[in-house]
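Values reported hereafter were calculated over all heavy atoms of this structure, with side chains retained and with hydrogens, waters and symmetry mates removed. Order of the sequence lines fixes the chain letters, A, B, ..., with proteins taken first and strands second; residue numbering starts at 1 for each chain.
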2 protein chains.
Amino acid sequence: MSETKASASRRSRAANQKRRTILSAALPLFSQFGLHGTSLERVAESADVSKTNLLYYFPSKEALYIALLEDLLEVWLAPLKAFSAQQDAITAIEHYILLKLTVSRDHPQASKLFCLEMLQGAPLLTHTLNTALKQLVDEKSAIIQGWIDAGQLAPIDPLHLLFTLWATTQHYADFGVQVAAISGKNLDDPVFFQQTFDNVKRIIIRGITC
Amino acid sequence: MSETKASASRRSRAANQKRRTILSAALPLFSQFGLHGTSLERVAESADVSKTNLLYYFPSKEALYIALLEDLLEVWLAPLKAFSAQQDAITAIEHYILLKLTVSRDHPQASKLFCLEMLQGAPLLTHTLNTALKQLVDEKSAIIQGWIDAGQLAPIDPLHLLFTLWATTQHYADFGVQVAAISGKNLDDPVFFQQTFDNVKRIIIRGITC
DNA sequence: GTCTATATGCCGATAGAC
DNA sequence: GTCTATCGGCATATAGAC
């Protein structure tokens, strides 16, 4: 039994590499066309493997989709985890906005796939939302509430502040097409990125300082 | 030729009624599962017509989808059209937030379908975005800029203000599942609706007043 | 592990009677 | 306008050789 070691070494390095290649190929397709709008054939083609070979690494289409979701959840939650009480309130929130806008710029497809999942009622993420995310949010809400109690922030509802932060930053990824249609720019443009950061920061920070 | 009259009377009243029934049945399904995730069979079943009969009223699945999108675009743009220079800046923006939150509460599926279309790169709406929406936004941006020039608002970028308004209000519809998982509530709860309105209003209005 | 061939099922759309 | 029957295509998944 060579498969009894730790999870990380369960599969050979080559196999894991191939899995990652397939996952990378799947992300842009699933995020744009959804689970049902994407055929395994196209994923396989994009990953440069045969369809049967793909099904050797992932037992089913849904298994591939789930693996992808779990993968990106990491990217997704990272900025929130970085949120710390150690910092000054304003500095922390400014930093959070920057981090989230950076994710919107560098991982728009991850943001979109997450959004897609939410639209569908998060059938595969319900549990994660109710446990891991809920707990994380509770922790961070407490930090925000602490800042409010300390007089560093105006008395707003921490939850709604988080919703506002998420909404305003993710919008530039999820609605990127609309933003581009109207402004003619997107976050890849350094000037537009800075302008977006300044405006979002300005509105929200002014909105929550005493 | 009884079909040569105005568009509104092209079809009999009964036929138009049936079309609307089918469209109503299609909205929740398309908005949740997308174009490819929804079968005509299910739409027909939900509308209580046969699949062939459905295809008599809409020549193809895509035609039905497009008809639906055009339908909801109306609902979608209505709040922005109501935005008027006649009003005081703060009053107008507060009213706009209320209108948009009302749409998020009463037409969450329309909001979701629109969002879904955006995620996919708006293949069917590109033209509308680039013409009708672009023009509408240009008009309303000018109004906002007018308020800024008159010293009624802080000097923020009108476009980013609009993006922020859209993002924060639509979030409660599009990410309704996440909001529910974390807060345990949704906009149908009158108390939560008011709380949401107060918080969004507070953050944004304070963020843009001089 | 990777291939060819194929089983199997679903779905969009059409034909044609009534 | 509405029905029954069915065609044709596509996509997931499996069987089995190598």
Side-chain angles (χ1 to χ4, degrees), chain A residues 1-3 5 9-69 116 120 123-124, chain B residues 1-5 9-69 113 116 120 123-124:
Chain A
M1 292 218 225
S2 63
E3 296 250 54
K5 302 278 182 173
S9 59
R10 275 246 185 83
R11 297 182 195 89
S12 78
R13 209 164 296 155
N16 270 325
Q17 174 57 42
K18 202 153 190 177
R19 280 176 61 93
R20 261 181 281 131
T21 303
I22 294 171
L23 286 169
S24 300
L27 175 55
L29 294 169
F30 279 143
S31 70
Q32 180 169 5
F33 306 108
L35 174 63
H36 301 288
T38 306
S39 71
L40 284 180
E41 183 79 46
R42 282 197 67 179
V43 177
E45 186 190 353
S46 170
D48 206 36
V49 296
S50 71
K51 192 172 55 172
T52 31
N53 195 218
L54 188 158
L55 283 165
Y56 172 80
Y57 289 95
F58 297 92
S60 73
K61 189 188 189 180
E62 208 182 53
L64 169 61
Y65 187 77
I66 291 174
L68 189 56
L69 267 186
L116 210 87
Q120 301 183 358
L124 301 170
Chain B
M1 292 222 225
S2 64
E3 295 249 56
T4 50
K5 303 277 181 173
S9 58
R10 275 245 185 84
R11 299 182 195 87
S12 77
R13 210 165 293 154
N16 269 324
Q17 175 56 42
K18 202 154 190 178
R19 280 176 61 93
R20 261 180 281 132
T21 303
I22 294 170
L23 286 169
S24 299
L27 176 55
L29 294 169
F30 278 143
S31 71
Q32 180 169 5
F33 306 109
L35 175 64
H36 302 287
T38 306
S39 71
L40 284 181
E41 184 80 47
R42 281 197 68 179
V43 177
E45 186 189 354
S46 170
D48 206 38
V49 296
S50 71
K51 190 171 60 168
T52 29
N53 195 217
L54 188 158
L55 283 165
Y56 172 79
Y57 287 96
F58 296 93
S60 73
K61 189 187 190 182
E62 209 182 51
L64 169 62
Y65 187 77
I66 292 175
L68 189 57
L69 267 186
L113 188 57
L116 207 84
Q120 300 183 358
L124 301 171

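When the C1' atom of dT12(D) is taken as reference, atom NE2 of His36(B) falls 16 Å away, rounded to whole Å. Tyr57(A) has its OH atom 17 Å from the P atom of dT14(D), to the nearest Å. When the C1' atom of dG12(C) is taken as reference, atom CZ of Phe30(B) falls 12 Å away, rounded to whole Å. Rounded to an integer number of Å, the gap from CG of Leu54(A) to C1' of dT4(C) is 17 Å. Atoms CZ (Phe58(A)) and C1' (dT14(D)) sit 19 Å apart, rounded to a whole Å. As rounded to whole Å, 14 Å separates atom P of dG1(D) from atom CD of Gln17(B). For the pair Leu35(A) CG and dT12(D) C1', the computed distance is 11 Å after rounding to whole Å. Distance Lys61(A) NZ to dT14(D) C1': 17 Å, rounded to the nearest Å.
Counting all heavy atoms, side chain and backbone alike, Ala47(B) lies closest to Ile22(B) at CB-CA, 4.0 Å. In terms of heavy atoms, Lys18(A) sits closest to Asn53(A) at NZ-OD1, 3.1 Å.
A sub-4.0 Å separation between OP1 or OP2 of dT2(C) and a side-chain N or O of Lys18(A) is present. Listed pair Tyr56(B) / dG1(D) meets the phosphate criterion, a side-chain N or O lying under 4.0 Å from OP1 or OP2. Proximity of Ser50(B) to the phosphate of dC3(D): a side-chain N or O atom is located under 4.0 Å from OP1 or OP2.
Leu55(B) comes within contact range of at least one nucleobase, with a heavy-atom separation under 4.0 Å. Within the nucleic acid shown, Thr52(B) comes within 4.0 Å of at least one base atom, counting heavy atoms only.
The line from OH of Tyr65(B) to OG1 of Thr38(B) is 9.0 Å long, rounded to the nearest 0.5 Å.
Set against dG1(D), dT2(C), dG12(C), the side chain of Lys51(B) has dG12(C) as its closest nucleotide.
No side-chain heavy atom of Val49(A) sits under 4.5 Å from any side-chain heavy atom of Thr21(A). Contact check for Leu23(B) versus Phe58(B): side-chain heavy atoms found under the 4.5 Å cut-off.
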